[in-house]
Chemist: 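Next up is a structure, given as structure tokens.
Everything numeric here is computed off the predicted structure, so don't read it as measured data.
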Amino acid sequence: MREESQESQHDRQPDRARQSQACDADPQEAVQSQPATEPAESADEPAAAPAQVPVVAVVLAAGFGTRFDARNPKQLVAVANKPVVCWSIEAFEYDPRITDIVVVVNPQVRDEVERLVDEGGYAKVRAIIEGGAERVDSTESALQMLADFGIPQDAKVLIHDSVRPFVERSSIDGCIDALDEFDAATVAMASTDTILVTEDLGDRKVVHAVPDRSDMFRAQTPQAFRFKTIRHAYELAAQDPDFHPTDDTRVVVDYLPDTRVAIVAGSESNMKITTQDDLEMVKRFAFEATRKRAIDRVQGMVRSDEA
């Protein structure tokens with residue numbers, strides 16, 4: 001299903017799309033939830049398991065990173081001999097609860113990301129598509145692609161910044177679990193600093209309010225939604241000429257104010273790479289991430305064998 005030129009398609013393995021639970025070559029049959037199990041025939045038999053829906057990770061790797069190095073895209077910079085975007089893809093690839101991955105890129109990095117995905121053998125990556133000028137444009141591109149391929153309305157969609165390469169498995173699974181109770185969730189860290197709300201006074205900022213620190217959190221990703229919720233929020237936002245949010249949770253909070261967004265525990269390792277200094281800081285998380293993901297990969301293989 002990956003959108004590629006005919007020439008590049010000849011160079012790639014042709015069977016990745018047919019492995020998908022969520023995205024198939026036929027848009028009429030694509031991204032369908034698994035059929036429900038027949039109900040038990042008697043009270044003595046166990047209740048049937050609920051039907052499973054796709055759990056799709058959207059990895060956003062379309063930023064140009066002008067604050068980092070315009071000539072060296074941070075998605076492709078190596079940390080512990082592995083590109084940042086690969087670390088992020090693997091966080092979802094090795095989580096057995098994730099069924100599908102969509103990677104959103106910009107034209108500058110597309111060819112290299114395609115090569116890395118094929119080289120890494122990331123079987124859950126069903127599509128690599130191009131994003132837009134801003135983060136929200138990239139999210140909209142992914143949502144439109146999923147809609148075009150018939151994703152179920154109740155599918156779970158986790159949207160993650162590729163430049164947060166060391167997201168914890170507990171945060172990913174926490175998002176998946178939260179969507180059983182809520183229609184939206186976001187990974188966040190409790191703020192250890194006092195937050196100041198300011199206002200302008202001439203050419204100087206002054207303190208307007210000091211909120212209770214216990215209610216303050218620092219947003220991370222993934223941010224997770226039932227597909228129908230995030231899709232509807234973006235449809236409403238598209239009608240607003242002043243629509244310029246910096247993350248997907250903001251879209252739901254602003255345009256679906258009655259929808260509660262659950263908080264899922266984040267971690268210090270899930271920091272965002274924005275500058276060269278950030279890159280140096282995240283290197284210390286690579287060793288532990290390698291150990292944990294090796295365990296996740298083995299567990300995923302065991303579950304696949306048992307299925």
Chemist: With a 4.5 Å limit on heavy-atom distance, are the side chains of Arg135 and Asp248 in contact?
Modeler: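 Yes - at least one pair of side-chain heavy atoms lies under 4.5 Å apart.
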Chemist: Can you check salt bridge (charged side-chain N to carboxylate O under 4.0 Å, His left out) on Lys124 and Asp95, steps first, answer last?
Modeler: CA-CA 10 Å; Lys124 292 182 183 179; Asp95 188 328; over 6 Å; no
Chemist: For a side-chain contact (heavy atoms from CB on, under 4.5 Å) check, start with the C-alpha distance between Leu279 and Lys74, then their side-chain angles and the critical distance, and finish with the verdict.
Modeler: CA-CA 9 Å; Leu279 184 63; Lys74 57 187 173 182; over 6 Å; no
Chemist: Do the side chain of Ser88 and the main chain of Ser162 share a donor and acceptor less than 3.5 angstrom apart?
Modeler: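 It does hold such a pair.
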Chemist: Hey, quick one: are Val252 and Tyr255 part of the same hydrophobic cluster, counting side-chain heavy atoms closer than 4.5 Å, chains of contacts allowed?
Modeler: yes
Chemist: Is there a path of hydrophobic side-chain contacts, each under 4.5 Å between heavy atoms of I, L, V, M, F, W or Y residues, that connects Leu236 with Leu146?
Modeler: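 Linked, Leu236 and Leu146 end up in one cluster.
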Chemist: Looking only at the side chains, is there a donor atom on one of Ser214 and Asp212 sitting less than 3.5 Å from an acceptor on the other?
Modeler: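 Result is yes, a qualifying pair exists.
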Chemist: Yes or no on salt bridge (charged side-chain N to carboxylate O under 4.0 Å, His left out) for Glu168 and Lys292, after CA distance, side-chain angles and deciding distance?
Modeler: CA-CA 9 Å; Glu168 295 275 353; Lys292 290 181 178 179; 3.0 Å; yes
Chemist: Verify salt bridge (charged side-chain N to carboxylate O under 4.0 Å, His left out) between Arg218 and Glu268, making sure each step is shown before the conclusion.
Modeler: CA-CA 11 Å; Arg218 295 182 285 121; Glu268 291 296 341; 3.5 Å; yes
Chemist: With a cut-off of 6.0 Å (strictly less than), are more than 12 heavy atoms of other residues, nucleotides or ligands near NZ of Lys228?
Modeler: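 Open.
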Chemist: Under 4.5 Å between side-chain heavy atoms, counting indirect links through other Ile/Leu/Val/Met/Phe/Trp/Tyr residues: same cluster for Met189 and Phe166 or not?
Modeler: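 No.
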Chemist: For Met281, does the CE atom have more than 12 heavy-atom neighbours from other residues, nucleotides or ligands under 6.0 Å away?
Modeler: no
Chemist: Quick check: closest heavy atoms across Ala262 and Ala178, and the distance to 0.1 Å?
Modeler: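 Here Ala262 and Ala178 meet closest at CB-CB, 4.3 Å.
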Chemist: Hey, what do you get for CG (Leu196) to NE2 (His208), rounding to the nearest 0.5 Å?
Modeler: 12.0 Å
Chemist: Flag yes if Leu179 and Ile263 sit in one hydrophobic cluster, no otherwise; membership is Ile, Leu, Val, Met, Phe, Trp, Tyr, and two members link when side-chain heavy atoms are under 4.5 Å apart.
Modeler: no
Chemist: Using a 4.5 Å cut-off on heavy atoms from C-beta on, say whether the side chain of Phe227 contacts that of Leu143.
Modeler: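 Answer yes - side chains close enough.
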Chemist: Which pair of non-hydrogen atoms, one from Thr221 and one from Asn270, has the smallest distance, and what is that distance?
Modeler: O-ND2, 2.7 Å
Chemist: Are Val251 and Phe182 in one and the same hydrophobic cluster, where Ile, Leu, Val, Met, Phe, Trp and Tyr link if side-chain heavy atoms are under 4.5 Å apart?
Modeler: no
Chemist: Test of understanding: with side-chain contact (heavy atoms from CB on, under 4.5 Å), list the residues that count as partners of Arg250, not counting sequence neighbours.
Modeler: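 Testing Arg250 for side-chain contact (heavy atoms from CB on, under 4.5 Å), a comparison that skips the adjacent residues, returns Pro245, Asp247, Asp254.
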Chemist: Could you identify which residues cluster with Val264, counting Ile, Leu, Val, Met, Phe, Trp and Tyr as linked when any side-chain heavy atoms lie under 4.5 Å apart, either directly or through a chain of such contacts?
Modeler: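 Members alongside Val264: Val187.
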Chemist: Does Glu140 have any side-chain contact (heavy atoms from CB on, under 4.5 Å) partners at least two apart in sequence or in another chain, and if so, which?
Modeler: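 Residues passing side-chain contact (heavy atoms from CB on, under 4.5 Å) with Glu140: Asp137, Tyr234.
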